[in-house]
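Below you'll find the structure, written out as structure tokens, and then a few comments.
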Amino acid sequence: MSFELALNTGTTPRLSLAEALAATRDAGLGHIGLWRNRIQEVGLERAAELVAESGLRVTSLCRGGFLTAAEPAEQRAALADNRTAIDECVAVGTDQLIMVVGGLPTGDRDLVAARRRVRDRLVDLVPYAAERGVQLVLEPLHPMYCGDRAVLSTLGQALDLADGFDPSVVSVVVDAFHVWWDPEVGHQIARAGREGRLAAYQVCDFNLPIAADALLSRGMMGDGVIDFGALSAMVAGAGYTGPVEVEIFNAEIYARPADEVLTEMTGRYRDLVLPHLTGAGQPART
């Protein structure tokens, strides 16, 4: 079945790995996206056992990246951490490592050089990832995070960076929160599809006003300003048919019981996103 819903554990950070797997299964879902902290809390061997016992498919692992360091020792540390993340992907059964590439190093203002270093580090990582069958999935982040989290701000930049690498190893994710504003997003989603690099689709809403901690400005679909009809139709039109993760960082949602969050998440996805992926939400043609 196409477009199966997945919980991303960033939405339910109070749950342990075992609890998140159980809650996802109890909600009737078959897919889950994992953050690495859930794995590291129990150790990789135990995490792999828990995932296998759950019967769930792991859609992606978040996150790798942070590749912009200028100092050689920091570059070596970043590469080592990303290789560990690739190994974690293999252990829990996912072939997608979400890559948040990193912001400007402290005191550095040279965006061009920082972006160049990201490509250089990808050159270093690609053989290791390819050997293990793991995709490095580049995630462009909203421009407000350019300084500290991701020097890639648009899908076009991510695709330009991926150019020249095998699409089976370097691809991109469309995260609604980060790309909804981009006037080129439709063209770039279509480009990602043509190039075989459209690896994942993540959804949540963009809430206003922006939270004091901008990381927590994500909301449940329908609570913010994103047009999920248009964006989802673009993704489906580009040929994507995979799982769709809901990844929400929001203090109020964190405080709610997880089963309530999963019930609401499932309903909002069914009503606001899925029809536009399947074509059921499009006006009839005459």
Side-chain angles (χ1 to χ4, degrees), residues 8-10 13 33-40 60-89 94 96-130 134-165 169-179 181-182 188 192 197 199-200 202 204 210 213-218 245 247 249:
N8 182 290
T9 59
L34 298 180
W35 273 68
R36 294 178 66 196
N37 62 330
R38 297 282 81 93
I39 291 172
Q40 292 160 358
S60 71
L61 184 64
C62 192
R63 63 187 185 249
F66 288 85
L67 302 174
T68 54
E71 296 300 321
E74 294 177 3
Q75 292 174 359
R76 289 191 295 271
L79 288 171
D81 183 62
N82 277 272
R83 292 184 182 112
T84 296
I86 290 167
D87 292 340
E88 291 168 352
C89 286
T94 181
Q96 293 188 359
L97 177 63
I98 303 296
M99 302 289 287
V100 177
V101 298
L104 288 169
T106 302
D108 191 344
R109 292 177 173 81
D110 192 339
L111 269 174
V112 173
R115 289 169 178 148
R116 184 171 60 246
R117 289 193 295 271
V118 173
R119 186 173 184 86
D120 291 343
R121 299 293 79 75
L122 286 177
V123 170
D124 295 333
L125 283 172
V126 157
Y128 194 85
V134 173
Q135 282 186 313
L136 306 176
V137 184
L138 303 178
E139 181 170 16
L141 268 59
H142 191 281
M144 65 182 165
Y145 303 118
C146 186
D148 64 344
R149 291 191 172 270
V151 295
L152 296 181
S153 300
T154 68
L155 197 57
Q157 287 177 318
L159 288 167
D160 288 347
L161 181 61
D163 188 43
F165 295 110
V169 186
V170 182
S171 57
V172 299
V173 54
V174 173
D175 184 320
F177 180 86
H178 293 304
V179 304
W181 59 274
D182 183 357
Q188 298 303 330
R197 297 190 191 274
Q202 296 178 332
C204 71
I210 297 293
D213 180 350
L215 285 174
L216 301 180
S217 290
R218 293 173 175 247
E245 289 185 15
E247 182 184 50
F249 310 144

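Each residue takes its place number in the sequence, starting with 1.
Remark: side-chain polar atoms of Arg38 are not paired, donor with acceptor, to backbone N or O of Thr9 under 3.5 angstrom. In terms of modelled atom types and a separation under 3.5 Å, the side chain of Arg83 and the main chain of Leu125 share no donor-acceptor contact. Within the 3.5 Å criterion, the main-chain N or O of Thr68 finds a donor-acceptor partner in the side chain of Arg117. A donor-acceptor pair under 3.5 Å links the side-chain atoms of Gln157 to the main chain of Thr154, judged by distance alone.
In this structure the side chain of Ser153 reaches within 4.5 angstrom of the side chain of Cys146, judged on heavy atoms.
Partners of Tyr145 according to the ring-ring contact (aromatic ring centres under 6.0 Å, His included) rule, which considers only residues two or more places apart in sequence or in another chain, are His178. Residues meeting the salt bridge (charged side-chain N to carboxylate O under 4.0 Å, His left out) test with Arg115, sequence neighbours left out: none. Annotation: side-chain hydrogen bond (donor to acceptor under 3.5 Å, both in side chains) contacts of Gln202 (sequence neighbours excluded): Glu245. Arg36 pairs by the salt bridge (charged side-chain N to carboxylate O under 4.0 Å, His left out) definition with Asp81, Glu88, not counting sequence neighbours.
Counting all heavy atoms, side chain and backbone alike, Val151 lies closest to Ala114 at CG1-CB, 4.2 Å. Of all heavy-atom pairs between Val137 and Val173, the closest is CG1-N, 3.5 Å. Across every non-hydrogen atom of Cys89 and Gln96, the tightest pair is SG-O, 3.8 Å. Residue Ala129 comes nearest to Val169 through the heavy atom pair CB-CG1, 4.1 Å, listed as atom of the first residue, atom of the second, then distance. Residue Cys62 comes nearest to Glu247 through the heavy atom pair SG-OE2, 4.4 Å, listed as atom of the first residue, atom of the second, then distance. Residue Phe177 comes nearest to Cys204 through the heavy atom pair CB-SG, 3.6 Å, listed as atom of the first residue, atom of the second, then distance.
With rounding to the nearest 0.5 Å, the separation of CD1 in Ile98 from OG in Ser171 is 7.5 Å. How far CG of Asn82 is from CG of Leu136: 7.5 Å, rounded to the nearest 0.5 Å. To the nearest 0.5 angstrom, Arg109 atom CZ is 9.0 Å from Leu104 atom CG. Put simply, CG on Leu67 and CG on Leu79 are 7.0 Å apart, with the number rounded to the nearest 0.5 Å. With rounding to the nearest 0.5 Å, the separation of CE in Met144 from OG in Ser217 is 5.5 Å. In this structure, Arg116 CZ and Arg121 CZ are separated by 11.0 Å, a value rounded to the nearest 0.5 Å.
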> Which is it for Val100 and Leu141 under the side chain to side chain contact (heavy atoms under 4.5 Å, CB included) test, yes or no, and what are the steps along the way?
Replying inline: CA-CA 8 Å; Val100 177; Leu141 268 59; 4.0 Å; yes
> Going through the checks in order, is the side chain to side chain contact (heavy atoms under 4.5 Å, CB included) test met by Gln135 and Leu97?
Replying inline: CA-CA 6 Å; Gln135 282 186 313; Leu97 177 63; over 6 Å; no
> Would Leu155 and Val174 count as a side chain to side chain contact (heavy atoms under 4.5 Å, CB included) if you check the C-alpha gap in whole Å, the side-chain angles of each, and the deciding distance to 0.1 Å?
Replying inline: CA-CA 8 Å; Leu155 197 57; Val174 173; 4.0 Å; yes
>> For Phe66 and Glu74: C-alpha separation, side-chain torsions, deciding distance, then whether side chain to side chain contact (heavy atoms under 4.5 Å, CB included) applies.
In response: CA-CA 10 Å; Phe66 288 85; Glu74 294 177 3; over 6 Å; no
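Ring-plane geometry between Trp35 and Phe249 is classed as perpendicular, the angle between the planes exceeding 60 degrees on a 0 to 90 degree scale with a lower cut at 30.
Applying the salt bridge (Lys or Arg N to Asp or Glu O under 4.0 Å) test to residues at least two apart or on different chains, the pairs with a partner in residues 154-165 are Asp160-Arg191. Each salt bridge (Lys or Arg N to Asp or Glu O under 4.0 Å) pair with one or both residues in residues 137-153, not counting sequence neighbours, would appear here, but there are none.
In summary, Arg218 and Asp175 engage in a salt bridge, as defined by a charged side-chain N under 4.0 Å from a carboxylate O.
Each of Asp87, Ile86, Thr94 was compared with Val134 under the side chain to side chain contact (heavy atoms under 4.5 Å, CB included) criterion, and only Ile86 meets it.
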